[in-house]
Asks: 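Pasting a structure below so you can have a look.
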Amino acid sequence: MKLPLSYYSNQDVLFLAQDLLGKVLFTDIDDEVTAGIIVETEAYFGVLDKASHAYGGRRTNRTETLYSHGGVSYVYLCYGIHHLFNVVTSVKDEPHAVLIRAVEPLIGKNIMELRRNMSVDKAAISSGPGSAAKALGIDQSFNKKDLDGNEIWIEDHGIRYPSDDIIKAPRIGVAYAQEDALLPWRFFVKGNKYVSKPNTI
DNA sequence: AAACGGATTGGCT
DNA sequence: GCCAATCCGTTTC
């Protein structure tokens, strides 16, 4: 059930960003387990991607996590407020990553409701990367964790979406990446209410 | 040493 | 729809 680290060593981050749709992301914080079905992702294509923190081979304290082997979590603070969760993929020193932008609450819904102070019926509870991370209790302390451990991991529950139901679109909030902002490297499940806006083509 | 700005969100108009 | 919130990595002086 729990995806092994070898799963993340695939060097095709565009494949993994799509394959992660339908997988189930778990966290266990002081025995409070929550999980959500991944319904929206974005691929970040390592040193060649102007939208990536690792563009041009940039290596700093923050981006060092991206150079880990595949199957490590990369969590960083955005706008001083939001923790954004990524899955590092590929092999060591090749800094590809998949941003998890939305999940559909599956397990521990009452705990998510307390963390987000809203009903699980409201799409906003886990829609958008900052909200999804908060619903799952993910913060800076989850940075650089192996995804085959007991704090955060991903399982395959056999959920599959027809390829017609996987929408490809330009990534969100990366206008600074110039021409790379136009690449269709955002993937989401058609019609799922937890997908962030815009959720149509 | 200081300034800049972002892979966003939610509250108010 | 617009804008403030709020931190720290990164760039610039």
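Order of the sequence lines sets the chain letters (A, B, ...), proteins ahead of strands, with each chain counted from 1.
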Asks: Counting side-chain heavy atoms from CB outward, which of dT6(C), dT8(B), dA7(B) is closest to Ile172(A)?
Replies: dT8(B)
Asks: Look at Thr60(A) and dG9(C) and indicate whether a side-chain polar atom (N or O) is within less than 4.0 Å of OP1 or OP2.
Replies: no
Asks: Out of dA7(B), dG9(C), dG10(B), which nucleotide sits closest to the side chain of Arg62(A)?
Replies: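 Output: dG9(C).
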Asks: Please report, rounded to the nearest Å, how far the C1' atom of dC8(C) is from the CD1 atom of Ile81(A).
Replies: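 Result: 13 Å.
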Asks: Under 4.0 Å: is that the gap between some side-chain N or O of Tyr176(A) and OP1 or OP2 of dA7(B)?
Replies: yes
Asks: May I ask you to establish whether Arg101(A) and Phe188(A) are in a cation-pi arrangement, using a distance under 6.0 Å from NZ or CZ to the six-membered ring centre and at most 45° from the ring axis?
Replies: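 No; the conditions do not both hold, so Arg101(A) does not lie above the ring face of Phe188(A).
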Asks: Give a yes/no answer on whether the side chain of Arg116(A) brings an N or O atom under 4.0 Å of OP1 or OP2 in dG10(B).
Replies: yes
Asks: Between Tyr44(A) and His96(A), does a ring pair (Phe, Tyr, Trp, His ring centres under 6.0 Å) hold up when you go through it step by step?
Replies: CA-CA 6 Å; Tyr44(A) 285 83; His96(A) 292 183; over 10 Å; no
Asks: Does a donor on one side chain and an acceptor on the other come within less than 3.5 Å for Tyr74(A) and His53(A)?
Replies: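 A pair is found: one side chain offers a donor N or O, the other an acceptor, under 3.5 Å apart.
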Asks: Does dA7(B) have OP1 or OP2 under 4.0 Å away from a side-chain N or O of His53(A)?
Replies: yes
Asks: Does any residue of residues 122-130 of chain A have a heavy atom under 4.0 Å from DNA chain B, and if so, which ones, in number order?
Replies: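 Per residue number, the list reads Ser127(A), Gly128(A), Pro129(A), Gly130(A).
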Asks: When you compare the ring of Tyr44(A) with the six-membered ring of dA7(B)'s base, are the centres less than 5.5 Å apart and the planes under 30° from each other?
Replies: yes
Asks: For dG10(B) versus dC8(C), give the span between their C1' atoms, rounded off to a whole number of Å.
Replies: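 Per the computed distance, 22 Å lies between those C1' atoms.
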Asks: Does Arg171(A) reach a base, just sugar-phosphate, or nothing at all? Heavy atoms under 4.0 Å.
Replies: nothing
Asks: Select base, sugar-phosphate, or nothing to describe what Arg186(A) touches, counting heavy atoms under 4.0 Å on all strands.
Replies: nothing
Asks: Distance check, C1' atoms only: dG5(B) and dC3(C), in whole angstrom units.
Replies: 16 Å
Asks: Decide side chain to side chain contact (heavy atoms under 4.5 Å, CB included) for Glu104(A) and Asn192(A); before the verdict, give the C-alpha distance in whole Å, the side-chain angles of both, and the deciding distance to 0.1 Å.
Replies: CA-CA 8 Å; Glu104(A) 177 180 332; Asn192(A) 188 288; 2.7 Å; yes
Asks: Is there a donor in the side chain of Glu155(A) and an acceptor in the side chain of His157(A), or the other way round, less than 3.5 Å apart?
Replies: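 Their side chains do contain a donor-acceptor pair, which is all the 3.5 Å distance test asks for.
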Asks: Would you say Trp153(A) ends up clustered with Ile37(A) if hydrophobic residues are merged whenever their side chains have heavy atoms under 4.5 Å apart, either directly or through other cluster members?
Replies: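 In one cluster: yes.
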Asks: Of the options Arg59(A), Lys144(A), Arg58(A), which is the one that meets Glu64(A) in a salt bridge (Lys or Arg N to Asp or Glu O under 4.0 Å)?
Replies: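 Between Glu64(A) and the candidates, salt bridge (Lys or Arg N to Asp or Glu O under 4.0 Å) is satisfied uniquely by Arg59(A).
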Asks: If you check the Met118(A) side chain, which of dG10(B), dT10(C), dT8(B) turns out closest?
Replies: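 Ranking dG10(B), dT10(C), dT8(B) by closest atom to the Met118(A) side chain puts dG10(B) first.
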Asks: Give one of base, sugar-phosphate or nothing for Leu84(A), where a contact means two heavy atoms less than 4.0 Å apart.
Replies: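 Sugar-phosphate only.
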Asks: Does OP1 or OP2 of dT11(C) have a side-chain N or O of Arg58(A) closer than 4.0 Å?
Replies: yes
Asks: Have a look at Thr63(A) and say if it touches a base, only the backbone sugar-phosphate, or nothing, with a 4.0 Å heavy-atom cut-off.
Replies: sugar-phosphate
Asks: Can you tell me the Watson-Crick or wobble partner of dC4(B), both distances under 3.5 angstrom?
Replies: dG9(C)
